[in-house]
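The structure presented is a predicted model; accordingly, all values stated were derived computationally and were not measured.
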Amino acid sequence: MSSLLSYKNYNGTVEYSKEDNCLFGKVVGIKSLLSYEGESVKELEQDFKNVIDAYLEDCEERNIKPEQPYKGTFNVRISPELHRNIAVYAIEHGKSLNAVVEEAIGKMVVE
């Protein structure tokens, strides 16, 4: 089971380097490369928060909008048969395709 760190709506991975005997990770869901490390979980979590805070401060100083992870849109590739089946289901139930997909995903993932 993998773990993610969360802070100010940003998420980051938790990995272990046996070679360096340290924990490390990177922020996921954005294009910018934001990485962090620590010798303990506590250090890793603190460096993760520091990286996010520094990123947000840098964006503010440069007067640019920080990247926001998970904007609520994404493309999904599925088989033509499944596409047809879900489109028919949506029509039969008076819903949009997006609404049906969101409902299906919502049933799989606890929000």
Side-chain angles (χ1 to χ4, degrees):
M1 179 177 182
S2 64
S3 297
L4 287 179
L5 300 176
S6 295
Y7 180 65
K8 294 185 177 179
N9 287 330
Y10 291 89
N11 294 307
T13 61
V14 176
E15 300 184 52
Y16 172 68
S17 170
K18 189 173 182 175
E19 280 180 9
D20 299 322
N21 193 32
C22 75
L23 299 166
F24 68 97
K26 67 177 182 173
V27 176
V28 295
I30 62 174
K31 292 179 183 176
S32 296
L33 177 59
L34 304 178
S35 60
Y36 44 90
E37 64 181 52
E39 292 185 15
S40 68
V41 172
K42 187 175 181 177
E43 282 183 18
L44 181 75
E45 289 176 337
Q46 188 57 57
D47 198 35
F48 169 68
K49 290 177 180 180
N50 291 344
V51 164
I52 298 297
D53 288 338
Y55 170 70
L56 295 173
E57 287 173 19
D58 183 57
C59 288
E60 186 175 331
E61 287 173 8
R62 295 171 49 202
N63 201 28
I64 60 173
K65 189 174 178 179
E67 291 179 66
Q68 293 298 313
Y70 315 113
K71 296 175 183 124
T73 61
F74 65 98
N75 294 322
V76 179
R77 287 176 176 67
I78 58 177
S79 71
E81 181 179 317
L82 182 57
H83 189 177
R84 179 180 46 76
N85 290 345
I86 198 163
V88 168
Y89 177 91
I91 292 166
E92 289 174 343
H93 290 82
K95 298 179 180 182
S96 70
L97 185 58
N98 280 339
V100 172
V101 171
E102 183 174 3
E103 184 180 314
I105 292 171
K107 288 180 180 179
M108 293 182 67
V109 180
V110 177
E111 295 184 30

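Listed by first then second residue, pairs satisfying side chain to side chain donor-acceptor pair (under 3.5 Å) with a partner in residues 73-100 read Lys95-Glu103, not counting sequence neighbours.
Ile91 and Ile86 are members of different hydrophobic clusters when ILVMFWY side chains are connected at heavy-atom separations under 4.5 Å. No single ILVMFWY cluster, assembled from side-chain heavy atoms under 4.5 Å apart, contains both Leu82 and Val88.
Remark: the backbone N or O of Lys26 is paired with a side-chain donor or acceptor of Thr13 at under 3.5 angstrom. In this structure, Asn11 contributes its side chain and Val28 its backbone to no donor-acceptor pair below 3.5 Å. The backbone N or O of Cys22 sits nowhere less than 3.5 Å from a side-chain atom of Glu37 that would complete a donor-acceptor pair.
Counting non-hydrogen atoms of neighbouring residues, nucleotides and ligands closer than 6.0 angstrom, the CD atom of Glu39 reaches no more than 12 such neighbours. Counting heavy atoms of neighbouring residues, nucleotides and ligands inside a 6.0 Å radius, atom CD of Gln68 exceeds 12 of them.
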I would like to know whether Ser35 and Phe24 meet side-chain contact (heavy atoms from CB on, under 4.5 Å); could you show each step before the answer?
-> CA-CA 7 Å; Ser35 60; Phe24 68 97; over 6 Å; no
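The existence of a salt bridge linking Lys49 and Asp53 is excluded, since no basic side-chain nitrogen approaches an acidic carboxylate oxygen closer than 4.0 Å.
Remark: Glu43 pairs with no residue by the side chain to side chain donor-acceptor pair (under 3.5 Å) rule, at least two apart or across chains.
Nearest approach of Pro66 to Cys59, heavy atoms of both residues: CA-SG, 3.8 Å.
Other residues sharing the hydrophobic cluster of Val27, ordered by chain and number and joined by side-chain separations under 4.5 Å: Leu5, Tyr7, Tyr10, Val14, Tyr16, Leu23, Ile30, Leu34, Tyr36, Val41, Leu44, Phe48, Val51, Ile52, Tyr55, Leu56.
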